[in-house]
Amino acid sequence: MTTLFSPLRIGTLTLPNRLVMSPLTRNRAAAGTNAPTALNATYYAQRASAGLIISEATDISADAVGGVRAPGTYTPQQIDGWRQIAEAVHARHGRIFAQLWHVGRISHASLRPGGAAPVAPSAVQAKARVFDGTQFIAAGQPRALDVDEIRTIVRDFALAARNAREAGLDGIEIHGANGYLIDQFLQDGTNRRTDDYGGSLANRARFLFDVIEAVSAEWPGRVGLRLAPFSQANDMTDSDPMTTFGYVIERLNDYPLAYLHMPEGHPGGSRDLQPGHDVQVLRRAFKGMYMANNGYDRDLAMTAIETGRADLIAFGRAFLANPDLVERLARNAPLNVPDTTTFYGGDMRGYTDYPRLEMAA
Ligand SMILES: Cc1cc2nc3c(=O)[nH]c(=O)nc-3n(C[C@H](O)[C@H](O)[C@H](O)COP(=O)(O)O)c2cc1C
């Protein structure tokens with residue numbers, strides 16, 4: 001029988017188990033350069049027994065930035081930082097994908113090159129907050145991207161994938177979830193465009209598929225995708241998410257993605273959905289590997305794998321607080337409790353100092 005601890009082949013990669021570390025923004029890259037540090041490498045290496053680590057979201061360009069001390073993937077120094085992480089994870093026999101993002105409207109002029117306004121499909125401001133290094137501030141008023149700028153961002157995604165590959169990472173995950181730029185194009189609450197990138201479903205999905213094609217050309221077989229159909233994170237709304245995401249997911253079958261990753265419900269919140277919203281319907285539309293996330297505990301995860309509802313389970317907060325989560329779940333051991341006050345920014349406290357089971361004992 002297939003269990004949470006059975007190996008799995010995704011694309012050209014073999015994972016020793018089906019437990020994935022979910023992407024977790026921690027705002028601990030080097031101040032000023034946003035290059036990953038030795039401390040970041042230690043943090044990921046501690047979690048290398050995961051079947052797969054998905055990194056915190058990493059900015060594909062200076063234009064993509066929406067917060068302080070999130071790592072970038074576009075300067076030589078940042079690529080060197082990622083190389084350090086790749087080597088540390090590989091030395092512990094792990095595998096790590098980088099989650100590539102552009103935040104779109106979830107930013108603020110004070111965080112962007114030249115103090116410029118955030119960019120988005122349409123000039124619709126988010127009722128959301130961004131981290132400026134010391135506190136959370138309101139997201140700024142965005143301006144709409146023109147088509148040439150959209151094409152530049154697609155190229156930036158491809159370049160970031162190339163850089164991640166050059167750094168020795170194992171693949172990339174496209175961040176199409178949680179109200180960032182790709183999601184802003186997909187959902188009609190944020191996309192009011194009337195050109196080739198807005199209006200019809202095909203047009204709203206055009207940016208995502210442009211990105212999938214561009215990064216897949218850079219790194220065939222090593223591209224995963226995260227979507228969050230029912231997340232209200234960052235003030236997202238769509239008039240008909242089942243139709244929007246049903247369309248997108250059906251079309252994903254034309255691409256050799258390593259996996260589709262979906263938080264089921266509101267990430268970090270309830271798994272309950274409103275009537276008519278059904279993750280399983282969407283999940284079944286996808287013929288490739290399905291990675292489920294959100295609110296999973298040991299029992300829920302084991303059942304999801306054993307019944308075939310999911311091929312992989314991503315754990316966020318549990319992996320944050322338990323570097324040896326795989327061993328703990330295998331032994332049904334108690335888990336450390338995550339300290340929410342050290343999630344974003346800070347130093348090694350609440351980052352690399354969560355004890356392993358033998359240390360706790
Ligand atoms: C501190 C923190 C940072 C997060 N950063 C990201 C991120 O960079 N990218 C992303 O897609 N999701 C991010 N998430 C969402 C998690 O990946 C995950 O979807 C969420 O925690 C629910 O999973 P869990 O119930 O296993 O924690 C973050 C969550 C937390 C708590």
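Just follow the structure's listing: the first ligand is 1, and inside any ligand the first atom is 1. In what follows, residues are counted from 1 in the order of the sequence shown. Because the structure is a prediction, the values reported are computed rather than measured.
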Counting only heavy atoms and a distance below 4.0 Å, can you name the residues contacting ligand 1? S22, P23, L24, T25, A57, Q99, H175, N178, R226, P267, G268, N293, N294, G295, F315, G316, R317, F343, Y344
Whether over 12 other heavy atoms sit under 6.0 Å from R162 CZ: no
Can you confirm if the NZ or CZ of R271 lies within 45° of the ring axis of F230 and under 6.0 Å from the centre of its six-membered ring? no
In terms of side-chain heavy atoms, does T14 have a donor or acceptor partner in R9 at a distance below 3.5 Å? yes
Separation of T37 OG1 from R69 CZ (nearest 0.5 Å): 8.0 Å
Are D324 and R328 close enough for a salt bridge, meaning some N to O gap below 4.0 Å? yes
Salt bridge flag under 4.0 Å for residues R26 and E56: no
